[in-house]
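Okay, structure first, notes after.
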Amino acid sequence: MNFNEPSIRQDVAPSRGSCEGLGFAGNKKKPFLGMPAPLGYVPGLGRGATGFTTRSDIGPARDANDPVDDRHAPPGKRTVGDQMKKNQDDDDEDLNDTNYDEFNGYAGSLFSSGPYEKDDEEADAIYAALDKRMDERRKERRELREKEEIEKYRMERPKIQQQFSDLKRKLAEVSEEEWLSIPEVGDARNKRQRNPRYEKLTPVPDSFFSKHLQTGENHTTVDPLQGLGGLNTPYPGSMTPGLMTPGTGELDMRKIGQARNTLMDMRLSQVSDSVSGQTVVDPKGYLTDLNSMIPTHGGDISDIKKARLLLKSVRETNPHHPPAWIASARLEEVTGKLQVARNLIMKGTEMCPKSEDVWLEAARLQPGDTAKAVVAQAVRHLPQSVRIYIRAAELETDVRAKKRVLRKALENVSKSVRLWKTAVELEEPEDARIMLSRAVECCPTSVELWLALARLETYENARRVLNKARENIPTDRHIWITAAKLEEANGNTQMVDKIIDRAITSLHANGVEINREQWIQDAEECDKAGSVATCQAVIRAVIGIGIEEEDRKHTWMEDAESCVAHGALECARAIYAHALQVFPSKKSVWLRAAYFEKNNGTRESLEALLQRAVAHCPKAEVLWLMGAKSKWLAEDVPAARSILALAFQANPNSEEIWLAAVKLESENNEYERARRLLAKARSSAPTARVFMKSVKLEWVLGNIEAAQELCTEALKHYEDFPKLWMMRGQIEEQCENMDKAREAYNQGLKKCPHSVALWLLLSHLEERVGQLTRARAILEKARLKNPQSHFQLLSFCLILNFTPLPDSSSKGILWAEAVFLEARPQRKTKSVDALKKCEHDPHVLLAVAKLFWSERKITKAREWFLKTVKIEPDLGDAWALFYKFELQHGTEEQQEEVRKRCENAEPRHGELWCAESKHVLNWQKKTGEILALVASKIKNTF
């Protein structure tokens, strides 16, 4: 049955009122009527009357666009729809993840929108009491944990007060005068600088300045009284002392400069000390402080933080690990936090009291007196540590204190060789001998202590000491070598070989392997110490150990060269002597020994060696010639002749000996004897060189006809010898017979088409007579005949003026010339390319030296000249350029050194060198004279 609810209520309401009025008038009033409903009471809930909503509950129906009753509602709330939307928004709960709390859920409490009743208040009070009770139970534990965390935080990040604690201690040493001399820290700025304001600038018209320039007046301010009367001065004609010159209308520049200087002085005086008159900021000290503030580490700050965190984790994981504490302290030291590093390392000593490294690091980080205290504490924990005792001695500045520390250490650690050696070094010789006597008793296996004691004892006592040392240490070779040196020093050289032989036998018996290289090194040390007999005895004893018979010669020669390189000349001499005893008939060994004596020995030792050499190898021509030359250089010509006579007997038809005899006679102006010798040589040993020397002798002596006849005769026998054709052509050129010279060169080229020198001589002849086209054609023909020759190609390129690099890029002389054919800016690049192609070619090295010379790089040029003459000492052009360089940029000592080295090298090759050394007029000149002559003709055209 459907009822219209409003109509029913309207119908029933009056009758209900009347009924109630009638019924309650006669009955007793109910006790709950008029009382407030209990909490949580919902009318009709007991009988299920819920869900009924009447219009009186929600009000009359209204449209969403109807205005609200409040006429003064703010915008957005003036319609019913706006009010409903606002209420709906308020009721919606924000369920976003960002609004979620782990304990309270979304937007605080789930029931925050509901009413807060008494049971809620009671529950909150119960929970608060529980929280307070639980907090009191954990309070002691929580406070202890917080205290530990604060202490750990303070240790890792100390306050500024703690960091400067060591500096505060030093304030106790500051005297009253020093304290009073500390400048006051004040604000030296003026009032305007302390209270900066915006400064207003008013531009003044140009008419103002021009007017006052004309009147000779000067005003720095504007008078307020002139506001109505203009900018005229109240007292015309008055002159204020300022920046204007009196009587003129021009600016005085001198006064402007004085004012600027005065202002600068005032500003500088503001930062000066009023007590001492000196600048408060010390520039040097300020810069030093800045340098000390700069971190010395090169890492990033983030890396340092990571390292610090990692080391902290290591310390906490294993606090008894010493490297962790050391690494942490060093990290802080590198980052500039020295006090933190000290605190860390001292904490490490507490955690690792048995670690030497931690104590030594702590002593290193602490200052002087504190370090001593740290070391003393370390000694109590580690009484047997040698390193800590050594560190304690190093911290002492007084020698007596050092001795006292070391003696105390030796009482606790008497077996330490290092402590004994350190203590002995501080003592006088007599006290050191006494200490060493005790040291060898405590450390009988230390070779160094035994040898040191032997050096301090007398001869007899030293022998006894060494005998005891051999008994205690039968496996060490140094004791035997020292005994041999002792006998040699006291004149018992006959005992030296016996001692070394007994040493080898004894060491073999005790199972010691004889290391040949070590014994040779000991021999070199004996040589440098002056014990020649011991050195030679050691070499003789060990030189043949461990070497195969077929390798002896090669190995011994290498050993001798190694000894020469190390400066042990007596060792090398002993090796050569032993090798000559084993190989008396080997010419190569005699030659090496002879060259060794020539370079490092005396003339007497060289001649004695050569006499023995020619006795064992009479067929070795070079040994005879070396002996004769040695006598000739000593100006003993008869002895040289006798040696050559003996050489003739041993080698009757030797070309070298014949020519050496001719040179000896010609150099000593015995020309007739030289002619007779050459005549005998032509009859007994008619070689091409003998004929050439015969022609050369007549030519240089001025007998042109005799020279031509000999040349014609020689060409009948040796027409394929190019030097004879060259000499014939040059003789004709000297006689101004150009046609005959050309004919001689052409005939020679027919017989010797591959002689580059003949082609060049013919080309130069044509060039000299002005036939440049013919000279080019000759060089072109020579290039076709000799495609691999770089000399003629070079001349061809110089005449035709192009870079000589086709088909011959590996020739050093071409690269050297190519460097200077380039323009000056490109020469350096070309020299680099030349060095890449021909790294060790003397011509390229010489070109680089000349390049540095042209750039005035004196030191580098000298270095490259030295490299050149070292690689190729036979290149005369290098010596001449080097000597020219020293004449211009070197001292007299450097010039003399170059000249002597050139005379010893005796160079024979080089374009410039041969042009002078083989000239007819210079045939008797020495090497030094030719050097000076070639250097004088060198022009710095590069």
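A quick note: this is a predicted structure, and the numbers were derived from the prediction, not measured. We use all heavy atoms of the structure for the numbers below, so side chains are in, but hydrogens, waters and symmetry mates are not.
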Next on the checklist: Which residues pass the ring pair (Phe, Tyr, Trp, His ring centres under 6.0 Å) test with Phe691, not counting sequence neighbours?
Outcome noted: His717
Checklist entry - Does the side chain of Leu760 come within less than 4.5 Å of Ile778's, by heavy atoms? => result no
Checklist outcome for this item: Scanning both residues in full, the closest heavy-atom pair of Cys902 with Trp913 reads SG-CH2, 4.1 Å
Checklist entry - Are Arg573 and Glu570 ion-paired here, with the side-chain N under 4.0 Å from a carboxylate O? => result yes
Item to check | Pair Lys716 + Glu719: basic N to acidic O under 4.0 Å | outcome: no
Checklist entry - Got Lys830 and Phe820 here, is their nearest side-chain heavy-atom distance under 4.5 Å? => result no
Next on the checklist: Between Ser831 and Arg827, is there a side-chain heavy-atom distance shorter than 4.5 Å?
Outcome noted: no
Next on the checklist: Contact between Cys752 and Leu758 at the side-chain level, heavy atoms closer than 4.5 Å - yes or no?
Outcome noted: yes
Checklist entry - In Å and rounded to the nearest 0.5 Å, what is the CD1 to SG distance from Ile575 to Cys563? => result 4.0 Å
Next on the checklist: For Leu921, is there any backbone N or O sitting under 3.5 Å from a side-chain donor or acceptor partner on His919?
Outcome noted: yes
Item to check | Note: Arg641-Glu665 ion pair, threshold 4.0 Å (strictly below) | outcome: yes
Next on the checklist: Which heavy atom of Ala650 sits nearest to which heavy atom of Pro618, and what is that distance?
Outcome noted: CB-O, 3.6 Å
Item to check | Distance, nearest 0.5 Å, that separates CD of Gln826 from OG1 of Thr829 | outcome: 7.0 Å
Checklist entry - Where do Glu733 and Tyr745 land on the side chain to side chain contact (heavy atoms under 4.5 Å, CB included) test, with the steps shown first? => result CA-CA 11 Å; Glu733 280 191 61; Tyr745 291 146; 2.6 Å; yes
Next on the checklist: Assess whether a salt bridge exists between Glu698 and Arg675, defined as any Lys/Arg side-chain N lying under 4.0 Å from an Asp/Glu carboxylate O.
Outcome noted: yes
Checklist entry - Under a 4.0 Å N-O cut-off, is there an ion pair linking Glu906 with Lys629? => result yes
Item to check | Crowding at CZ, Arg603 (>12 non-hydrogen neighbours, <6.0 Å) | outcome: yes
Checklist entry - Got a sec: does the NZ of Lys884 have more than 12 other heavy atoms crowding it under 6.0 Å? => result yes
Next on the checklist: One thing to verify: whether Arg689 and Glu656 come together as a salt bridge, which I'm taking to mean a side-chain N less than 4.0 angstrom from a carboxylate O.
Outcome noted: yes
Checklist entry - Is the distance between the ring centroids of Trp590 and His616 under 6.0 Å? => result yes
Next on the checklist: Can you confirm if the NZ or CZ of Lys553 lies within 45° of the ring axis of Phe583 and under 6.0 Å from the centre of its six-membered ring?
Outcome noted: no
Checklist entry - Step by step, would you call Lys870 with Leu866 a side chain to side chain contact (heavy atoms under 4.5 Å, CB included)? => result CA-CA 6 Å; Lys870 184 178 181 180; Leu866 290 171; over 6 Å; no
Next on the checklist: For the residue pair Arg908 / Ser917, report whether a side-chain donor-acceptor contact shorter than 3.5 Å exists.
Outcome noted: no
Next on the checklist: For a quick test of reading the model, state the closest non-hydrogen atom pair linking Phe882 to Val869 and the distance between them.
Outcome noted: CD2-CG1, 4.3 Å
Checklist entry - Salt bridge or not for Arg742 and Asp739, using N-O below 4.0 Å? => result yes
Checklist entry - Are Lys740 and Glu743 ion-paired here, with the side-chain N under 4.0 Å from a carboxylate O? => result no
Next on the checklist: Is the shortest side-chain heavy-atom distance between Leu610 and Leu606 below 4.5 Å?
Outcome noted: yes
Checklist entry - With sequence neighbours excluded, what pairs up with Trp624 under the ring pair (Phe, Tyr, Trp, His ring centres under 6.0 Å) test? => result none
Item to check | Rounded distance (nearest 0.5 Å) linking atom NZ of Lys696 with atom CG of Leu724 | outcome: 12.5 Å
Next on the checklist: Quick one, Arg862 and Gln894 - any side-chain contact, counting heavy atoms below 4.5 Å?
Outcome noted: yes
Item to check | Interatomic spacing from CD in Glu621 to CG in Leu623 - rounded to 0.5 Å | outcome: 10.0 Å
Item to check | Atom NE2 of His889 with >12 non-hydrogen neighbours under 6.0 angstrom | outcome: yes
Checklist entry - Given side chains that start at C-beta, do those of Val819 and Val848 come closer than 4.5 Å, heavy atoms only? => result no
Next on the checklist: Do Arg901 and Trp879 have side chains that approach each other closer than 4.5 Å (heavy atoms only, starting at C-beta)?
Outcome noted: yes
Checklist entry - Do the charged groups of Arg592 and Glu561 touch, with an N to O distance under 4.0 Å? => result yes
Item to check | Audit row: Ile731, Cys711, side chain to side chain contact (heavy atoms under 4.5 Å, CB included) steps and yes/no | outcome: CA-CA 10 Å; Ile731 291 172; Cys711 189; 5.5 Å; no
Next on the checklist: When you measure from the centre of the six-membered ring of Trp864, is the NZ or CZ of Lys867 closer than 6.0 Å and no more than 45° off the axis?
Outcome noted: yes
Checklist entry - Using 30° and 60° as the class limits, which term best fits the ring planes of Trp556 and His578: parallel, tilted or perpendicular? => result perpendicular
Item to check | Polar contact flag, side-chain donor to acceptor under 3.5 angstrom, Trp699-Gln734 | outcome: yes
Next on the checklist: Here's a test for you: under side-chain contact (heavy atoms from CB on, under 4.5 Å), which of Leu912, Asp877, Leu887 qualifies with Ile938?
Outcome noted: Leu912
Next on the checklist: Between the side chains of Glu903 and Arg899, is the shortest nitrogen-to-carboxylate-oxygen separation below 4.0 Å, so that they form an ion pair?
Outcome noted: yes
Next on the checklist: How close do Ile643 and Ala628 get, counting heavy atoms only, and between which atoms?
Outcome noted: CG2-N, 3.9 Å
Checklist outcome for this item: Output for pair (Ile858 CD1, Glu863 CD), nearest 0.5 Å, gives 12.0 Å
Next on the checklist: Just verifying a value: how many Å separate Leu569 CG and Asn600 CG, rounded to the nearest 0.5 Å?
Outcome noted: 5.0 Å
Next on the checklist: Check this for me, if you would: do Glu767 and Arg774 make a salt bridge, where the nitrogen-to-carboxylate-oxygen distance has to be below 4.0 angstrom?
Outcome noted: no
Next on the checklist: Using side chain to side chain contact (heavy atoms under 4.5 Å, CB included), reason through Glu929 and Leu933 one step at a time and then give a plain yes or no.
Outcome noted: CA-CA 6 Å; Glu929 297 173 347; Leu933 185 61; over 6 Å; no
Item to check | Closest non-hydrogen atom pair between Leu846 and Ala878, with its separation | outcome: CD1-CA, 3.9 Å
Next on the checklist: A quick test of your reading: do over 12 heavy atoms of other residues, nucleotides or ligands sit less than 6.0 Å from CD of Glu550?
Outcome noted: yes
Checklist outcome for this item: Of all heavy-atom pairs linking Met726 and Leu761, the shortest is CG-CD1, 3.7 Å
